[in-house]
Amino acid sequence: MLKTRIMTASVLVACFIPALFLLSNTYWAYGMLGLSLVALYEWGYLITFNKIQLSLSILASALIGAYTITLIETNGLHSFFYFALIAFLIISFFWLFIVPFWFKTKCIIKNKWVLGSLGFLLIGSLWLALVCAKAANPWLLLILLASIWISDSAAYFAGKTFGKNKLAPSISPSKTWEGVGGALIGVTIFGIILYYVFNIKNFALFPALWVMTMLGVMGDLFESMLKRQANIKDSGHILPGHGGLLDRIDGLIPSLPIGILMIYIYNFYATVI
């Protein structure tokens with residue numbers, strides 16, 4: 001199982017990084033749209049959409065995504081970026097206030113279209129974040145993604161090795177506080193490397209990495225809660241050793257949009273002050 005996970009992750013990284021630096025912003029946007037549609041398909045499976053509902057949701061999302069790319073090409077990304085920031089603000093409110101309440105009450109929403117709209121908002125915001133960050137600076141996007149990949153891997157190995165105290169047993173019995181600690185240690189080491197080796201001399205880097213790590217844990221737990229309510233183990237089987245694409249990006253869904261929002265707010269106030 002571990003060998004399969006590592007091989008799959010290696011193939012993904014080997015494909016992802018060249019695409020990040022070699023593709024134009026337009027081709028990148030279409031490529032990420034394709035992956036987002038796969039994630040939306042798995043989301044539809046998760047909330048038990050029937051075939052017609054699933055087809056309609058994917059078709060509508062594809063058309064909206066293609067139209068959005070056309071608008072970006074026509075008007076430029078700069079003006080569109082502020083629209084993305086509004087989406088990221090909405091996402092921040094959802095993850096920071098609604099999700100903790102959802103965890104506490106263990107509320108079960110049965111309306112499929114409400115859940116479908118939520119999936120469109122969450123995955124759509126992740127797509128916007130991938131497009132905006134790549135256009136701004138591919139290295140910035142790679143650092144943000146690497147922080148989540150590192151925290152996820154560190155949490156996995158720390159949890160497997162030292163995990164005893166359950167984080168949220170009613171939601172995800174396999175998640176432990178030791179895993180969370182391992183994730184925080186992993187991104188802290190990553191931050192030290194960025195600070196000293198890559199000369200990113202800003203101590204705000206560390207709290208930002210810690211916040212993104214905790215958001216990634218929250219995203220992981222949220223998807224686990226939905227899977228538990230749907231009584232399924234994985235969102236799909238497209239990635240050997242990992243499950244579905246949604247299982248692989250659940251931590252990115254909250255952390256990447258909010259991470260970009262934090263960077264924008266920090267830079268804005270740093271410029272003003």
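Predicted model, so just to flag it, every value in this text is computed and none were measured.
Residues Asn202 and Tyr266 have side chains that bring a donor and an acceptor to within less than 3.5 angstrom of each other. Under the 3.5 Å distance criterion, with hydrogens and angles disregarded, no donor-acceptor pair is assigned to the side chains of Trp43 and Ser57.
Two rings, from Phe88 and Tyr264, have their centers 6.0 Å or more apart. With ring centers used as reference points, Trp28 lies under 6.0 Å from Phe16.
Taken from CG in Leu37 to CE in Met32, the straight-line distance is 11.5 Å, to the nearest 0.5 Å. Rounding to the nearest 0.5 angstrom, the gap separating the CH2 atom in Trp102 from the CD1 atom in Ile108 is 10.5 Å. A distance of 8.0 Å separates OG in Ser151 from CE in Met212, rounded to the nearest 0.5 Å. Taken from CG in Leu128 to CG in Leu256, the straight-line distance is 10.5 Å, to the nearest 0.5 Å. Atom CG in Leu130 sits 11.0 Å away from atom CG in Leu33 (nearest 0.5 Å). To the nearest 0.5 Å, the span separating CE on Met225 from CG on Leu221 amounts to 9.0 Å.
The hydrophobic cluster containing Tyr67 also includes Leu71, under a criterion of side-chain heavy atoms closer than 4.5 Å among ILVMFWY residues, counted directly or through chains of members.
Val99 and Val211 fall within the same hydrophobic cluster, defined by Ile, Leu, Val, Met, Phe, Trp and Tyr side-chain heavy atoms under 4.5 Å apart, directly or through other members.
Checked by atom type and distance alone, the side chain of Ser172 never pairs as donor or acceptor with a backbone atom of Ala168 at under 3.5 Å.
Note on ring orientation: taking the six-membered ring where Trp is involved, the planes of Trp113 and Phe49 are tilted (angle from 30° to 60°). Using cut-offs of 30° and 60° on the angle between ring planes, the pair Phe222 and Phe103 is tilted.
Tested against Leu145, the residues Ile143, Ile148, Leu141 include a single side-chain contact (heavy atoms from CB on, under 4.5 Å) partner, Leu141.
Annotation: salt bridge (charged side-chain N to carboxylate O under 4.0 Å, His left out) contacts of Lys175 (sequence neighbours excluded): Asp220.
By the 4.5 Å heavy-atom criterion applied to side chains, Leu85 and Tyr82 are counted as neighbours. Annotation: side chain of Leu167 is in contact with side chain of Val217 (closest heavy-atom distance under 4.5 Å). Here the side chains of Lys227 and Asp247 are in contact, with some heavy-atom distance below 4.5 Å.
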